[in-house]
Structures are given as C-alpha cells and as structure tokens.
There are 2 protein chains.
Amino acid sequence: MQPVGSPAPSESRSDDLAAWGSVRDRLRERGLRWTPQRRALVAVLSQTRGHVTGADLVERCREQDPSTIPSTVYRTLDVLEELGIVRHGHGPDGREEYHVLPDAEHGHLHCRDCGAAWEITAEEGASIVATLEAARGFAVDLSHVTIVGRCRACR
Amino acid sequence: MQPVGSPAPSESRSDDLAAWGSVRDRLRERGLRWTPQRRALVAVLSQTRGHVTGADLVERCREQDPSTIPSTVYRTLDVLEELGIVRHGHGPDGREEYHVLPDAEHGHLHCRDCGAAWEITAEEGASIVATLEAARGFAVDLSHVTIVGRCRACR
DNA sequence: GTTTCTGCAAATCATTTGCACCTGA
DNA sequence: TCAGGTGCAAATGATTTGCAGAAAC
C-alpha cells in the first residue's frame with residue numbers, strides 16, 4: 001500500500017481527465033462561472049492524489065501563478081465541495097484537510113512518527129462502521145475519520 | 001450511555017478529588033511550582049468531565065477569576081499534559097480539544113447533527129485497534145480518535 | 001446588462017511567543 | 001537566592017469577510 005497525501009509525492013491523474021473536464025459544465029449547469037482562477041485550481045487538483053490542506057493548495061496554485069489570491073482559492077474550494085468534487089475533513093493536527101475526488105468514502109490513517117498517511121480501505125472502514133452501528137446505532141461518517149498512531153515501519 | 005463534554009452539562013467529580021489533590025505534589029516532584037493560577041485551572045478541570053477546548057477552559061477560568069490570562073492557561077495545560085493529567089486531541093471541527101483524567105485510553109464519537117459527544121468504549125475501541133493492527137500492523141492511538149457521524153436519536 | 005467573481009485589505013480567533021518583572025520553594 | 005511563572009502585548013497563521021471594480025455569459 002502506498003502512502004497518500006503530502007508526505008508522498010503527488011502523482012498525476014491523467015486517467016481522471018474526463019471527470020475533471022466535466023467540472024466546467026457542472027459549474028455552468030448551476031449558473032456558475034468558469035474563470036481562469038477556477039481553471040487553475042482545478043488543474044492543481046487534477047495533479048493531486050489523496051489529501052491536502054487548504055494552505056497547500058494555495059501554495060501550489062501560487063507556484064503556477066504567483067498572483068493567486070488565497071481567498072479566491074478558499075472560495076473556489078467551497079464551490080467545488082458543493083459540487084461534490086472535493087470534500088473536507090480534518091487532519092490529526094486539526095488542520096483543515098481536503099480530499100480529492102472521493103471515489104469511495106474513506107478515512108485516513110496518519111503515522112505520528114513519520115507523518116505518512118494512508119487511506120483506510122473499504123473493508124477496514126466497514127469493520128469500524130459495523131462496530132459502532134451495532135453497539136449504539138451510530139452512523140459513522142467515514143470521510144471524516146482520521147486515526148493517528150504508528151505505522152508498521154515506525155514501530 | 002451519557003454524552004460527555006460541552007454539549008452535556010458538566011458533572012462534578014468529587015470522587016476524584018484524591019487524584020486532583022496529588023497534582024500539587026506531582027508538580028513539586030519535578031521542581032515545578034504550585035501557583036494560584038495553576039490551582040485555579042486544576043479546580044476548573046476537577047469540575048469538568050469529558051472534553052473541552054482550550055478556549056473553553058480559558059473562559060471557565062475567567063468566570064472564576066476575570067483576571068485570568070489565556071497564555072497562562074495554555075502554558076499550564078502543556079505542563080499538565082506532560083504530567084499525563086490531561087491529554088489533547090482534536091475535535092471534528094479541527095479545534096484543539098483536551099480531555100481530562102483519561103482513566104483509560106478512549107476516543108470520541110461526535111454527532112454531526114446534535115453536536116453531542118460520547119466516549120468510545122474499551123470494547124468498541126479494541127475492535128478498531130484490532131482491525132487496523134491485523135490489516136497493516138498499524139498501532140492506533142485511540143486517544144486521538146474522533147469519529148463523526150449521526151447518533152441514534154438524530155437518524 | 002446582470003449576476004457572479006476576483007482582488008485586496010482588514011478582520012477573526014485560538015493559540016503562541018518574547019520579554020521584563022514577580023514569586024514560590 | 002533564583003529557576004520557574006506570570007502578565008502583557010504583539011506575533012502567528014490559516015481561513016473569512018466586506019466591498020468596489022472586473023469579468024463571464
């Protein structure tokens with residue numbers, strides 16, 4: 001299993017270009033605009049796998065275009081979240097964290113020592129969900145779950 | 001099961017007075033001082049069950065003594081955490097959150113709708129720990145686990 | 001021509017830090 | 001005495017907001 005998110009280098013997602021291409025139309029369907037700034041953020045997101053903080057995204061956008069304004073990025077993230085294109089949760093440090101194109105609901109594992117992060121697989125997640133569902137009828141929102149601990153390598 | 005923390009009214013913990021009384025000595029053993037400000041925070045903590053944010057504690061201290069200074073509270077919390085008297089994690093909103101006198105390592109459940117919070121029981125926690133341990137050798141730090149979802153009542 | 005954005009600057013807000021003065025042991 | 005603490009004020013740093021002008025459709 002590969003770590004995801006900031007500790008690991010981002011990988012391109014050319015296989016998802018079709019999905020990203022539809023963003024423009026999805027915006028328009030709702031009477032929203034397809035602006036250069038939004039295009040830029042979507043371009044950055046399309047190169048991103050796993051999860052990133054808002055500040056990360058601001059920085060990556062700024063690498064492409066130094067004139068990027070943070071508030072625009074955050075506002076665009078809000079819009080993209082409404083479209084279901086990103087989703088936000090919280091990292092182990094309590095920092096806001098966005099994850100991209102949630103193919104499936106998943107939580108995150110975060111190693112306290114090396115800082116690497118992994119996605120919790122569907123099976124692992126199912127076990128957690130089932131436990132709390134059975135014990136007290138609690139409906140877990142897996143996409144907000146972040147579990148901290150130490151990974152195999154660091155133990 | 002009763003909700004814990006801010007959404008529920010705090011209950012006194014007179015049964016733990018002995019444990020709180022030892023704080024003074026525990027500080028002195030390390031060459032640290034027992035000051036009025038620390039006494040005040042410990043008094044507030046002894047009236048607290050479950051988890052609270054740092055800002056909450058500052059406010060509660062200020063109710064007792066309006067001259068309370070936030071930085072002193074935070075610094076004292078750091079010290080108390082080193083003594084193992086409180087422990088900090090993060091709430092579903094990413095806010096710093098302290099929990100008090102962790103009798104046992106436990107995580108938290110947080111209802112997205114009503115905002116109530118519960119402790120994850122030892123058995124439930126064990127199930128989660130075991131799942132991730134078996135699947136990938138990951139050592140979960142239960143005290144940092146906060147799971148968001150919807151409680152039975154809100155579904 | 002509207003309605004939605006953007007840029008900018010200023011505001012939040014919990015938490016942290018630097019530093020000179022105070023105080024508990 | 002003197003290391004450890006406190007008060008105060010200013011710094012942080014991510015995220016948000018108000019608003020006037022700019023751009024998309």
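Every chain is numbered from 1 and lettered A, B, ... according to where its sequence line falls, protein lines coming before strand lines.
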Exercise. So, A/Glu97 and A/His88: side-chain donor and acceptor under 3.5 Å apart, yes or no?
Worked result: no

Exercise. Given atom CD of A/Glu81 and atom P of D/dT15, what is their separation to the nearest angstrom?
Worked result: 13 Å

Problem set entry | Check: B/Leu41 and B/Leu80 side chains under 4.5 Å, non-hydrogen atoms | yes

For this session: Drop me the distance from B/Arg28's CZ to B/Arg33's CZ, to the nearest 0.5 angstrom.
Result: 10.0 Å

Exercise. Contact class for B/Ser71 vs. all strands (heavy atom < 4.0 Å): base, sugar-phosphate, or nothing?
Worked result: base

For this session: Calculate the interatomic distance between B/Glu59 atom CD and C/dT15 atom P; express it in whole Å.
Result: 12 Å

For this session: Answer with base, sugar-phosphate or nothing: what part of the nucleic acid does B/Arg75 contact at a heavy-atom distance below 4.0 Å?
Result: base

Exercise. In whole Å, what is the span from the CD1 atom of B/Ile69 to the C1' atom of C/dC21?
Worked result: 14 Å

Exercise. Rounded to the nearest 0.5 Å, what separation is found between the CD1 atom of A/Ile85 and the OG atom of A/Ser22?
Worked result: 6.5 Å

Exercise. Can you find a side chain N or O atom of A/Arg28 that sits less than 4.0 Å from OP1 or OP2 on D/dC25?
Worked result: yes

For this session: State, without any angle test, whether B/Ser67 and B/Arg62 hold a side-chain donor-acceptor pair at a distance under 3.5 Å.
Result: no

For this session: Could you state the atom-to-atom distance from CG of B/Leu77 to P of C/dT15 in whole Å?
Result: 9 Å

For this session: Mind running a 4.0 Å heavy-atom check of residues 37-44 of chain A against DNA chain D and sending the residues that fall below it, in number order?
Result: none

Problem set entry | Residue pair B/Asp56 / B/Thr53, side-chain donor-acceptor N/O under 3.5 Å | yes

For this session: Please state whether the phosphate of D/dG7, meaning OP1 or OP2, lies under 4.0 angstrom from any side-chain nitrogen or oxygen of B/Thr72.
Result: yes

Exercise. Hey, is the side chain of B/Ser67 poking within less than 4.0 Å of OP1 or OP2 on D/dG7, counting only N and O atoms?
Worked result: no

Exercise. Which distance, rounded to the nearest 0.5 Å, do you find between the CG of B/Leu45 and the OG1 of B/Thr76?
Worked result: 9.5 Å

For this session: Nearest whole angstrom, please: distance from the P of D/dG5 to the CD of B/Glu82.
Result: 10 Å

Exercise. C/dT6 P sits how many Å from A/Trp34 CH2, rounded?
Worked result: 11 Å

Problem set entry | Value in whole Å for how far the P atom of C/dC5 lies from CZ of A/Arg24 | 15 Å

Exercise. So which nucleotide from C/dA14, C/dT23, C/dC5 ends up closest to the side chain of B/Arg33?
Worked result: C/dT23

Seminar exercise, completed: Whichever of B/Pro36 and B/Tyr74 has the more 5' nearest nucleotide on DNA chain C, that residue is B/Tyr74

Exercise. In whole angstrom, what separates B/Asp78's CG from C/dT15's P?
Worked result: 11 Å

